[in-house]
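This report concerns only the one structure given below.
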Amino acid sequence: MEERYDPKKIEERWQRFWDQNKTFKVTEDASRPKYYCLEMFPYPSGRIHVGHTRVYVIGDVVARYKRMRGFNVLHPMGWDSFGLPAENAAIKHGIHPEKWTLENIAYMRDSQLKRMGLSYDWDREVTTCLPDYYRWNQWLFIKMYEKGLAYKKRSYVNWCPSCATVLANEQVEDGLCWRCSSVVTHRELEQWFFKITAYAEELLAHCDTLTEWPERVLTMQRNWIGKSIGVEVDFTVDGLGEKLQIFTTRPDTLFGVTFMSIAPEHPMLDALIAGKKQADEVRAFCQRVMRLDKAARTDGKQEKEGVFTGAYAVNPLNNEKVPVWVGNFVLMEYGTGAIMSVPAHDQRDFEFAKKYNLPVRIVIQNAGKDLNTAAMKEAYVNDGAMTSSGPFDGISNVQGKEKVADYVEKKKIGKRTKNWRLRDWGVSRQRYWGTPIPIIYCDACGTVPVPEDQLPVKLPTDVAFTGKGLSPLVESGSFSETKCPKCGGPARRETDTMDTFVDSSWYFLRYCSPKEEKAPFDKKAAGYWMNVDQYIGGIEHAVLHLLYARFFTKVIRDLGLYEGDEPFQRLLTQGMVVKDGAKMSKSKGNVVPPDVIISKYGADTARLFALFAAPPERDLEWNVQGVDGAYRFLHRIWTLIYKYHQGILKVKAAAKEAQGDPLYRKTHLTIKKVTEDIEREFHFNTAIAALMEMVNEMYEYTADGVSENKLPVLRSAIETLTLLIAPFAPHFAEELWESLGNKTSIANAAWPQHDPEAIVAKSVTVVVQVNGKVRSKLTLAVGTSDKDIEAAALADPKVKEHTNGKAPKKVIIVQGKLVNVVV
RNA sequence: GCCGCUGUGGCGGAAUUGGCAGACGCAAGGGACUUAAAAUCCCUCGGGGGGCGACUCCCGUACCGGUUCAAUUCCGGUCAGCGGCACCA
């Protein structure tokens with residue numbers, strides 16, 4: 001054993017050892033319990049910083065701990081490697097996206113991740129931008145096409161002018177592009193969609209089964225799916241005879257309808273205004289509204305505006321004629337694109353009615369204070385008794401909702417229905433660096449999927465990256481011109497590529513059998529490894545990746561490829577890494593690359609600090625002095641062990657016979673504490689604090705030298721400490737483990753178990769309170785009876801002083817903890 | 001506006017089932033070692049008061065109130081910060 005702790009030498013040595021011995025390679029083994037530990041795989045942007053590595057360190061501790069607990073641990077790593085930055089680099093620097101990407105991967109793998117000492121089975125590395133992976137994206141796309149789950153439609157879609165591509169709804173945040181924050185505009189385009197709405201009900205219902213997910217994420221998913229239950233009702237357009245269908249969640253207010261509002265895009269609009277004197281004004285209004293971008297259009301603060309179409313519709317419940325307006329706040333995408341307006345009981349309708357002087361009719365009466373239309377300052381949206389509602393007068397509106405719905409269905413003027421906020425997932429991207437959509441268009445045969453035996457449709461390499469005009473795939477004649485697989489005639493390929501979120505929607509299944517050539521993954525292998533027992537990643541994916549991956553798992557299940565409803569058993573969303581008060585990011589200029597920390601302190605120090613400074617789900621302030629502290633801790637252990645190294649090698653570690661020795665007791669208390677802290681919500685910070693306490697106690701124990709007969713106890717403490725620190729500081733632990741005479745890797749050593757008898761104390765300190773205030777402490781033998789405890793407490797001089805001679809009213813005793821004398 | 005989370009020393013954080021508030025670490029101050037420094041080791045370290053002193057008393061977990069022998073923990077209200085949703089019919 002070297003006198004000084006030299007992380008550089010140690011870490012290089014053990015990383016080589018793990019690589020050469022394939023220490024973390026795993027295969028299916030039915031005789032052992034499996035554990036699948038997965039961190040969200042990275043986009044290989046080039047250089048990562050400690051903000052990125054935090055998640056891998058957290059996952060690595062889990063994986064190493066579970067391995068020592070005897071689990072067959074699958075812990076893979078790969079690359080989410082399709083995406084825009086590669087293409088932008090190509091445009092800017094003239095490097096092909098593939099070259100740029102693969103070089104980044106090599107650097108990140110070999111110079112950053114491997115140097116952190118992460119226990120991955122690198123033989124399972126998955127790289128989504130390579131044909132052996134993306135061919136299965138294409139295969140899955142075709143399967144989904146065959147089942148009607150992938151379809152093409154012309155519609156208004158989100159367009160990011162800066163990224164020059166379409167975005168899915170989930171990728172628009174506050175009207176801005178999730179990646180570059182440009183204002184998202186609307187475009188009418190023909191696009192491929194995945195029918196995620198077909199799974200809306202199940203995606204929502206199964207949220208209830210994800211009991212080991214953070215409630216926050218589930219709330220976000222439930223909000224995003226946005227189920228609302230209501231009624232569709234047909235109003236008849238006066239003079240036209242056509243049905244104008246509306247959706248409402250408030251059928252109880254149907255008698256309060258005083259006008260209707262439709263979206264500017266509503267298909268019936270032309271018919272409504274045909275021949276009316278308002279026609280030109282309405283058209284001008286609609287064009288003005290439709291020109292607005294998505295953010296402006298859906299901003300709730302925007303004033304409600306509208307224009308009368310000149311048409312009337314008949315309310316089927318009371319046969320009243322009400323005017324039909326166009327409203328700027330009515331959305332074509334939600335419901336039926338038309339609403340009934342009840343100004344008395346809907347705030348938007350109320351504002352609209354006030355602005356345009358439309359009538360207000362109260363149909364729900366406030367039980368506390370009678371409403372009257374003249375005095376109303378805002379809509380009354382609470383419950384009450386129905387009024388002016390024909391046969392429903394007098395009943396509560398809560399019951400009324402059901403009764404009116406029954407009535408509507410009986411009269412066949414509408415039906416109960418559900419509406420979803422969730423939209424189908426638009427997956428077409430007008431860019432090069434993604435999976436080509438495996439579809440061919442033939443003038444004779446129409447849309448034809450590429451036959452399975454012709455997969456993969458590879459990305460062409462002979463393309464130019466100009467950054468101008470259309471995607472390189474459109475410009476590449478050799479790619480788009482092809483033959484129809486059906487009739488052999490001339491045809492052209494789809495030139496759009498898939499959203500990169502498709503890649504990450506099933507990669508966790510691919511890890512189970514990454515080399516499989518006949519299917520996306522081997523069903524048996526997936527049956528063994530899935531689900532992912534622990535998934536770890538950022539909260540930013542709460543409704544993106546995590547929703548898509550759940551959807552894909554269900555689709556894959558229904559294709560008969562996998563038996564299981566949900567991919568991720570337990571989810572941990574780690575906090576971000578903050579420095580100087582801001583999230584670590586390249587643009588803020590506050591990044592700390594792991595390489596720098598590793599060179600100066602070593603990976604074990606970097607790991608220890610990241611784990612100690614905050615619990616995993618909370619944000620972590622990166623602070624150099626804190627890193628020093630972690631470094632000091634490792635040195636302190638090393639120095640202590642070095643001092644007694646020769647001595648303890650001559651003895652066997654203490655066992656039961658040492659019960660009663662204070663260090664032996666501390667050793668076993670620490671085993672218990674560290675194990676519980678890891679098992680309970682991965683509280684690594686307190687687990688490491690417990691190790692520090694143990695080391696402090698070892699220093700005290702050895703302060704006046706160690707006699708021969710204490711060496712076995714010291715040896716057991718040192719061995720235990722080495723094992724307990726192994727998941728956190730693995731290189732450090734390996735080196736010490738070897739120096740203690742062990743021939744095999746500590747990664748496969750058994751996690752220690754605490755001896756319950758060793759931690760039993762003979763005596764306990766009992767807090768003595770008078771009227772709830774601590775006044776004294778007593779040291780009593782364990783098992784002292786309540787009667788004796790009370791007597792001891794009352795005999796205590798401090799107690800006598802504070803009770804002032806008064807007799808106790810009550811004495812509360814909590815065994816082994818506290819006595820409270822109440823006077 | 002609605003929903004959720006959070007609020008503890010100079011700082012990061014701990015207190016697991018209602019039972020000693022501030023574990024552990026950082027920073028700071030003092031001391032030992034050293035020609036000196038670094039490193040290391042030891043001590044002090046929430047605020048205020050009293051005592052020469054071993055000590056001791058009061059206050060304190062955003063704020064106000066409640067339940068309880070006992071509240072950082074449970075309940076009600078207020079404030080602040082963060083996050084999500086939001087013209088969704």
Side-chain angles (χ1 to χ4, degrees), chain A residues 4 173-174 214-224 226-228 230-231 246-250 253 260-261 263 297-304 327-331 333-342 346-349 351-352 419-421 539-540 542-543 608-609 612-615 617-630 632-633 635-636 639 673 676-677 680-681 683 685-696 699 703 765-777 798 801-802 808-814 816-823:
Chain A
R4 295 221 18 114
E173 295 166 350
D174 289 333
E215 200 48 48
R216 200 151 71 105
V217 174
L218 293 173
T219 304
M220 282 161 79
Q221 292 223 348
R222 290 188 184 110
N223 278 343
W224 189 264
K227 179 180 182 174
S228 63
V231 178
I246 59 98
F247 172 75
T248 181
T249 55
R250 293 292 305 272
T253 63
M260 301 186 70
S261 309
R297 184 77 186 273
T298 56
D299 179 5
K301 289 180 211 63
Q302 192 183 253
E303 199 182 345
K304 282 137 203 64
N328 65 342
F329 61 95
V330 186
L331 305 172
E333 308 94 84
Y334 189 81
T336 59
I339 59 172
M340 62 179 211
S341 295
V342 185
D346 180 289
Q347 187 56 26
R348 284 159 311 176
D349 297 343
E351 287 169 30
F352 198 89
N419 249 299
W420 306 90
R421 216 186 76 97
I539 187 81
E540 66 272 19
V543 283
L608 215 48
F609 171 72
F612 177 65
E617 66 279 6
R618 223 185 289 185
D619 285 352
L620 172 95
E621 171 78 28
W622 191 270
N623 147 337
V624 185
Q625 282 150 347
V627 178
D628 278 329
R632 209 169 326 180
F633 175 55
H635 267 287
R636 220 166 122 75
T639 308
K673 169 83 176 143
E676 283 172 358
D677 283 350
R680 175 180 64 95
E681 310 287 327
H683 280 188
N685 55 331
T686 50
I688 292 168
L691 294 175
M692 288 172 168
E693 276 190 61
M694 178 172 164
V695 172
N696 289 344
Y699 265 83
T765 303
V766 174
V767 172
V768 184
Q769 297 180 335
V770 176
N771 289 336
K773 288 192 178 179
V774 180
R775 295 301 179 188
S776 183
K777 282 171 191 182
K798 283 263 137 202
E801 189 185 318
H802 284 95
K809 275 189 211 148
K810 204 170 168 188
V811 178
I812 287 134
I813 293 169
V814 180
K817 274 189 182 153
L818 155 148
V819 187
N820 189 8
V821 180
V822 185
V823 291

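A note on names: the letters A, B, ... follow the listed sequences, proteins ahead of strands, and every chain is numbered from 1.
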Watson-Crick or G-U counterpart of B:A37, or none if no pair lies under 3.5 Å: none
5'-most contact on RNA chain B: A:Asp619 or A:Ile339, nearest heavy atom basis? A:Asp619
By nearest atom, which of the nucleotides B:G25, B:C58, B:A89 is closest to the A:Met692 side chain? B:G25
My understanding is that only residues two or more places apart in sequence, or in another chain, count here; which of them pass salt bridge (charged side-chain N to carboxylate O under 4.0 Å, His left out) with A:Arg250? A:Asp252
Partner set under ring-ring contact (aromatic ring centres under 6.0 Å, His included) for A:Phe609, not counting sequence neighbours: A:Trp622
Look at all strands and tell whether A:Asn696 reaches a base, only sugar-phosphate, or nothing, counting heavy atoms closer than 4.0 Å. sugar-phosphate
Can you tell me which nucleotide in B:C69, B:C26, B:C87 comes closest to the side chain of A:Val822? B:C69
Among the nucleotides B:U56, B:G12, B:C87, which one has an atom lying closest to any side-chain atom of A:Arg348? B:C87
Review item, nucleotides 43-45 of chain B N/O atoms under 3.5 Å of protein N/O:
none

For A:Ala614 versus A:Asp619, what's the shortest heavy-atom pair and its separation? CB-O, 3.7 Å
Considering all heavy atoms, the nearest A:Met260-A:Ile246 contact: CE-CG2, 3.3 Å
Interface polar pairs with nucleotides 83-85 of chain B, N/O, under 3.5 angstrom:
residue : atom : partner  : partner atom : Å
B:C85   : O3'  : A:Arg421 : NH1          : 3.3

Please give me the minimum heavy-atom distance between A:Val766 and A:Val819, naming the atom from each residue. CG1-CG2, 3.6 Å
Who pairs with A:Phe329 by ring-ring contact (aromatic ring centres under 6.0 Å, His included), at least two apart in sequence or on another chain? A:Phe352
Picking from B:U56, B:A89, B:C24, which would you name as closest to the side chain of A:Glu693? B:C24
Between atom CD in A:Gln625 and atom C1' in B:A39, what is the gap in whole Å? 17 Å
Do any N or O atoms of the protein come closer than 3.5 Å to N or O atoms of nucleotides 40-42 of chain B, and which pairs are they?
residue : atom : partner  : partner atom : Å
B:C41   : OP1  : A:Arg636 : NH1          : 3.0

Write down the distance between NZ (A:Lys304) and P (B:A89), rounded to a whole number of angstrom. 14 Å
Is there a Watson-Crick or G-U wobble partner for B:G10 with both distances under 3.5 Å, and which nucleotide is it? B:C26
Please answer whether the main-chain N or O of A:Ala542 pairs with a side-chain N or O of A:Gln221 as donor and acceptor at a distance below 3.5 Å. yes
Residues A:Tyr334 and A:Ser228: side-chain donor-acceptor under 3.5 angstrom: yes
Report the C-alpha separation of A:Glu676 and A:His683 in whole Å, then their side-chain angles, then the decisive distance to 0.1 Å, and conclude whether the side-chain contact (heavy atoms from CB on, under 4.5 Å) test is met. CA-CA 9 Å; A:Glu676 283 172 358; A:His683 280 188; over 6 Å; no
Heavy-atom side-chain proximity of A:Val811 to A:Val822 below 4.5 angstrom: no
A:Arg250 CZ to B:C87 C1', straight-line distance once rounded to whole Å: 17 Å
With both distances kept under 3.5 Å, what pairs with B:G18, Watson-Crick or G-U wobble? none
Shortest non-hydrogen separation from A:Ser261 to A:Val330 and the atoms involved: CB-CG2, 3.7 Å
A:Lys809 NZ to B:A70 C1', in whole Å, measures 15 Å
By the 4.0 Å heavy-atom rule, please label A:Gly226 as base, sugar-phosphate, or nothing. nothing
Under the ring-ring contact (aromatic ring centres under 6.0 Å, His included) rule, collect the residues that match up with A:Trp420, sequence neighbours excluded. none
Please write out the pairs of protein N or O atoms and N or O atoms of nucleotides 80-82 of chain B separated by less than 3.5 Å, giving the distance to one decimal.
none

Suppose we call a contact any N or O donor and acceptor under 3.5 Å apart; does that hold for the side chain of A:Lys810 and the base of B:C69? no
Using a 4.0 Å cut-off on protein heavy atoms (strictly under), produce a 5'-to-3' string for nucleotides 14-22 of chain B with B for base contact, S for backbone-only sugar-phosphate contact, and - for none. SSB--BB--
So what does A:Arg775 hit on the nucleic acid, given a heavy-atom distance under 4.0 Å: a base, only sugar-phosphate, or nothing? sugar-phosphate
Looking at every non-hydrogen atom in both residues, tell me the closest pair between A:Glu303 and A:Asn328 and how far apart they are. O-ND2, 3.0 Å
With sequence neighbours left out, the residues meeting side chain to side chain donor-acceptor pair (under 3.5 Å) with A:Asp677 are A:Lys673, A:Arg680, A:Thr686
Assigned partner base of B:G4, Watson-Crick or wobble definition, under 3.5 Å: B:C82
When you check the glycosidic angle of B:G7, does it come out syn, meaning within 90° of 0, or anti? anti
Restricting to side chain to side chain donor-acceptor pair (under 3.5 Å), what partner residues turn up for A:Lys227, sequence neighbours left out? A:Glu201
Paired nucleotide for B:A71 [Watson-Crick or G-U wobble; both distances under 3.5 Å]: none
Report the distance from atom CD1 of A:Ile813 to atom P of B:A70, rounded to the nearest whole Å. 17 Å
Taking atom P of B:C3 as reference, at what distance in whole Å does atom CD of A:Gln221 sit? 21 Å
By the 4.0 Å heavy-atom rule, please label A:Val330 as base, sugar-phosphate, or nothing. base
What I want to find out is whether A:Arg216 reaches A:Glu617 closely enough, with some N-O distance under 4.0 Å, to be called a salt bridge. no
Starting at atom CG of A:Asn623, determine the distance to atom P of B:G12, rounded to an integer number of angstrom. 10 Å
Residues in side chain to side chain donor-acceptor pair (under 3.5 Å) with A:Thr253, at least two apart? none
Roughly how many Å is it from CG in A:Asn771 to P in B:C69, rounded to a whole number? 11 Å
